[in-house]
Amino acid sequence: MKFNIVAGDIAQQDVGAVVVNLFEGVTTPGGATGAVDKAMGGAISALIADGEIKGKSGEMTLIHTLGSITPKRVLVAGLGSPASFTLDGVRSVSAEAARHLNSIGVQSAATIVHGAGIAGLDEQASAQALAEGVVLGMYRFDKYKADASDANLNEITVVEFDESKLDALKSGINVGRIIGEGVNRCRDMANEPANSMTPSEMAEQALEVSQAHGVEIEVIERTQMKELGMGALLAVAQASEEPPKFIILRYSGDPQNTDNNIGLLGKGITFDSGGLDIKNAAGMATMKGDMAGGASVIGAMQAIAQLKPKINVTVIVPAAENMVSGAALRPGDVIRAMNGKTIEIDNTDAEGRLVLADAMSYARSVGLNRLVDVATLTGAMGIALGDKCMGAFGNDDEFTQQVVSAGNAVGERAWPLPMYDEYKAQYRSDIADIKNTGGRGAGAITGALIIGEFNDGAPWVHLDIAGVARTGSVKGANIKGATGAPVRTLVRLVCDLAG
Ligand code: BES
Ligand code: ZN
Ligand code: MN
């Protein structure tokens, strides 16, 4: 998508369509909507008076201008009530408007920035949400379809009457485009089937990010995993024909101050069959997406490398495939993680915490002192919170709150769950330091606590995205398939911490 930002009159843009908006309850449109209405001889206010345009959230009304103004069409987007209109609303309406125009063959459109008027949203933030909405809302995963066609809509001109606002709008649009593209890389990776998105392909994707945006990459192979003692990652990978990859990306935004760092860890199980504790057909159906956490940290790094915040960020993805074979990990086996802790395997399907155990141990061994891990860790998470919100778990309330706030600011909700010590009894082992499951009760919490066993005291937050990583419907900026959560949260968090 090409974005232009210009000062001027939206009714005079040489484009296929213009997008204006209307809040619910407004009978005489003002601002750019009012100007377009006047130029068209009151066509919009007449439809408001008739009751066809109500300004309800999600309402889209297409008007053919028949020569009254330069653009052939005007799309009036309803915004709902100004009091409840947020940046998430901007993202949604921008996505829906873009899809609407694309579906009727419009190639270029001009739009105003929604919400900066009556709703009082910050212009730059609104412009960012607009660009995110367009880039996310136009996303498609159709590379395997013979009848896939190019998108129609390929150019958006953001028009602002007040010239003094152009610079703010330009940076907002640029940041939004960068973040939207980061989210879309995550979606691309998580939508890709497991026969192509292997651990090696995840490393390729990381290499692409490294080469395109100048971040350092290191990929640890099986031999070196053995030397480092990554017994947990190796155990998960041992039944697969696909070699595991331990992927590291390093961005140095504050090289003078190496303690100013954060590690972003993502579960990279490219397919989760369950292992010998094999899943049933329904449970296995979406397990190509079990690397969504890993994809999210790679997607976030793509954006971070372009936004250049003053902080050092290391992305770590332990990537492996959880399969079955004569060489598979067995229930009852005892393995040793990189930090020396032994783990009795109670269930081979609880593999995410195993690969993350080694990722955490590694992160601490290289001096990362603040950590966030992202994982499609437990089915229990989806049961607890559904698909409206991810779970946040941590050992430091202030840091957890920072992550939750970053999510709230970007329209990705996270809700903190408790990490009481009493739960730890659930994964006590008779023969090893711990076992890898803690029973049915509080399954998302015990999963989080088990990962926490490897973090050695650093402030850490675990985001369980099992409920939110995929969606079954097209709504606002979301497209059916991988959502790309929580790329926006991670980017925001890193920028907040950079100050
Ligand atoms: N990848 C799954 C969790 C999952 C389930 C993600 C559904 C997305 C949708 C994870 O590896 C898993 O299998 N977890 C087990 C843990 C149990 C064995 C303790 C689960 O949730 O059943
Ligand atoms: Zn899994
Ligand atoms: Mn599993």
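For residues 464-491, no residue pair satisfies the ring-ring contact (aromatic ring centres under 6.0 Å, His included) rule, not counting sequence neighbours. Every pair passing side-chain hydrogen bond (donor to acceptor under 3.5 Å, both in side chains) that includes a residue from residues 135-148 is listed here, sequence neighbours excluded: Tyr139-Asp188, Tyr139-Asn191, Lys143-Glu192, Tyr144-Glu192. Within the structure, salt bridge (charged side-chain N to carboxylate O under 4.0 Å, His left out) pairs that include any residue of residues 64-92 comprise Asp88-Arg91, Arg91-Glu132 (at least two apart or interchain). Within the structure, ring-ring contact (aromatic ring centres under 6.0 Å, His included) pairs that include any residue of residues 72-119 comprise Phe23-Phe85 (at least two apart or interchain). Applying the ring-ring contact (aromatic ring centres under 6.0 Å, His included) test to pairs two or more places apart or on separate chains, those with a residue in residues 383-413 are Phe393-His462. For residues 154-185, there are no ring-ring contact (aromatic ring centres under 6.0 Å, His included) pairs, not counting sequence neighbours. The side-chain hydrogen bond (donor to acceptor under 3.5 Å, both in side chains) analysis of residues 156-179, with sequence neighbours excluded, yields the pairs Asn4-Thr157, Glu123-Lys165, Asp162-Ser164, Asn174-Arg177, Arg177-Glu181.
Only one option out of Asp464, Asp272, Asp290 pairs with Lys267 in a side chain to side chain donor-acceptor pair (under 3.5 Å); it is Asp290.
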For residues 491-499, please give each side-chain donor-acceptor pair under 3.5 Å, one per line with the distance, not counting sequence neighbours.
residue : atom : partner : partner atom : Å
Arg492  : NE   : Asp496  : OD1          : 3.2

Per-pair distances, 0.1 Å, donor-acceptor, side chain in residues 304-311, under 3.5 Å, sequence neighbours excluded:
residue : atom : partner : partner atom : Å
Gln306  : NE2  : Gln302  : O            : 2.9
Lys308  : NZ   : Ala305  : O            : 3.0

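Glu412 is linked by a salt bridge (Lys or Arg N to Asp or Glu O under 4.0 Å) to nothing, counting only residues two or more places apart in sequence or in another chain. In this structure, the salt bridge (Lys or Arg N to Asp or Glu O under 4.0 Å) partners of Glu208, at least two apart in sequence or on a different chain, are Arg185. Qualifying salt bridge (Lys or Arg N to Asp or Glu O under 4.0 Å) partners for Lys288, counting only residues two or more places apart in sequence or in other chains: none.
Looking only at distances, a side-chain donor or acceptor of Arg99 sits under 3.5 Å from a matching main-chain atom of Gly137.
Residues Ile247 and Met202 meet the side-chain proximity criterion, which asks for heavy atoms closer than 4.5 Å.
More than 12 heavy atoms of other residues, nucleotides or ligands shown are found within 6.0 angstrom of CG on Asn154. Around CZ of Arg250, the count of heavy atoms belonging to other residues, nucleotides or ligands within 6.0 Å exceeds 12.
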